Amino acid sequence: MTELRRSPLHDRHVDLGAKLADFGGWEMPIEYGASGGGVIAEHTAVRTAVGVFDVSHLGKATVAGPGAREFVNSCLTADLGKIGPGQAQYTLCCAEDGGVIDDVFSYLVGDDEVFLMPNAANAEQVIGLITAAAPDGVTVTDQHQDFAVLAVQGPKSPEVLQTLDLPADLDYVSFVDADFDGRRVRVCRTGYTGERGYELIPSWTDAGALWDALVETARGLGGMPAGLGARDTLRTEMGYPLHGQDLTREISPVQAGSSWAVGWKKPAFWGRDALLAERAAGPARRLRGLLVTDRGVPRGHMNVLDAGGEVIGQTTSGTFSPTLKQGIALALIDAAAEVAESSEVAIEVRGRRLAAKVVPLPFVPSHVR
C-alpha cells in the first residue's frame, strides 16, 4: 500500500482533532468536529463569516521559458490570450477524444512564465503530459511540495487579510505577490466555494506560521478552520464540477456545462477537434441540477428516472445542502429526454425513489465577486 502524503500542516490538523482521510493520495482534514466544527458548522461559517482551508494537496508546477504562455495555451482549453499578467484562469487538460484528464487553474505571471495548479490525484499525469510536449527552451518544474495552498473563504475573508496586512482589494481571479512576516506569499482572488475568497500560496516551510495567523484571525471574526467535507458541500451548492465525478475521461466539458472554459476560437488545444465535433452535433447528455423534494440525501452513481419511471440519467454528485436543508445532486441527463427546468424526476436511493425537480445552477446565489 502506498504511503499517503501529508500537508506541511498535518500536525496542526491532528492537534485540532481533525478527522483525516485519503484525498487524492494525501492524508487531509475532512472536518474538525472535535474542536467545535463539523461539516455543517464549517459550511455555515464560510457562508456567513469565514473559513480557512488547507488545500496543499493540490498540484503546483511552473512552466517557464520563451513562449511559455503560447505553449501552455496550445495545450489547455481556455484562452490565455484573453488575460494579462497577474490574472488567473480556470481551464481544462483534455485528451484528444475530448475527455477531461483534469481541471486546472493557470496563473499567468508573464509571457514567459505560467504557474499551474492541477488536482492532487492528477498532478503527476498533467505535469508529465505538459513536460513531454514542451518545446526546447521551455522548462516544466514540478513544485508539488515546494508550496502550500491555504484558502480563506467567506464574506469576512477580506477582513482576515486586512488584519494581517495582506492585500485584499483584488479583482476576481487576479493575484499579486506579497509579504507576510518578511516571507513571500502569492495572494489570489480565487476559490471553490461560491463566496468571496482568496487562495494564499506560501512556501511549504512558511505555511505553519501563516495558517496559525489566519485561523486565529478568522476565529476572532466568527470563523473557523474548515475541512474538505465542507469544501465539497459548498462547491456542490454552486454546481462546481469535481474532477473524477462530474468531469472525467468519459464526461467532456460540453456535457458538463464547462464549455465556457474552452477557447473555441483558438487554433489549437488538446482535444479541440473532438470537442468542436461534439458541440456541433450536440452532446448526448448534459449536467443538470436536481433539488430533492422528499426526505433523503442522494449520492453519486444513482439512477435518475422520468415521470414514467424510465431511466434518463445518473447522478454524478449528491449531498445534503446545509444552506437549503435539502438534498441536492448534479446529474448527467440524456439530451433525448428533453427534461426542462422544474420537471419532476426521481432518484433511486437504496431501493426507494426520492422525488426531485430539475433546477438551474447554482443551487444558491454566488458571491464570488
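Being a predicted model, the structure only gives us computed values, none of them experimental.
Side-chain atoms of Glu237 and Ser321 form a donor-acceptor pair, as typed in the model, at a separation below 3.5 Å. Using modelled atom types and a 3.5 Å distance limit, the side chains of Gln255 and Glu278 yield a donor-acceptor pair. Checked by atom type, the side-chain pair Thr315/His301 shows no donor-acceptor distance below 3.5 Å. A side-chain donor from one of Gln245 and Ser317 sits under 3.5 Å from a side-chain acceptor of the other.
When all heavy atoms of Gly318 and Arg299 are compared, the pair lying nearest together is O-NH1, 3.5 Å. Nearest heavy-atom pair, Pro241 versus Tyr192, reported as atom, atom and distance to 0.1 Å: O-OH, 2.8 Å.
Around the CD atom of Gln145, the shell of radius 6.0 Å holds more than 12 heavy atoms that belong to other residues, nucleotides or ligands. No more than 12 heavy atoms of other residues, nucleotides or ligands sit less than 6.0 Å from atom CZ of Arg350.
For the salt bridge (charged side-chain N to carboxylate O under 4.0 Å, His left out) criterion with Arg186, the lone passing option out of Asp177, Asp146, Asp179 is Asp177.
Relative to the six-membered ring of Trp26, Arg6 misses at least one condition, a distance below 6.0 Å or an angle of at most 45° to the axis.
Annotation: side chain of Asp103 is in contact with side chain of Asn119 (closest heavy-atom distance under 4.5 Å).
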Please report, to 0.1 Å, the donor-acceptor pairs under 3.5 Å made by any side chain of residues 108-115, with sequence neighbours excluded.
residue	atom	partner	partner atom	Å
Asp111	OD1	Arg69	NE	3.0
Asp111	OD1	Arg69	NH2	2.7
Asp112	OD1	Gly67	N	3.3

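Applying the side chain to side chain donor-acceptor pair (under 3.5 Å) rule to pairs touching residues 156-175 yields nothing, sequence neighbours excluded. Applying the salt bridge (charged side-chain N to carboxylate O under 4.0 Å, His left out) test to every pair with at least one member in residues 188-204, sequence neighbours left out, gives these pairs: Arg47-Glu195.
When hydrophobic clusters are built by joining Ile, Leu, Val, Met, Phe, Trp and Tyr residues whose side-chain heavy atoms come closer than 4.5 Å, directly or via intermediates, Phe53 is grouped together with Met117.
Using the six-membered ring where Trp is involved, His13 and Trp211 have ring planes that are perpendicular, over 60° apart on the 30 and 60° scheme.
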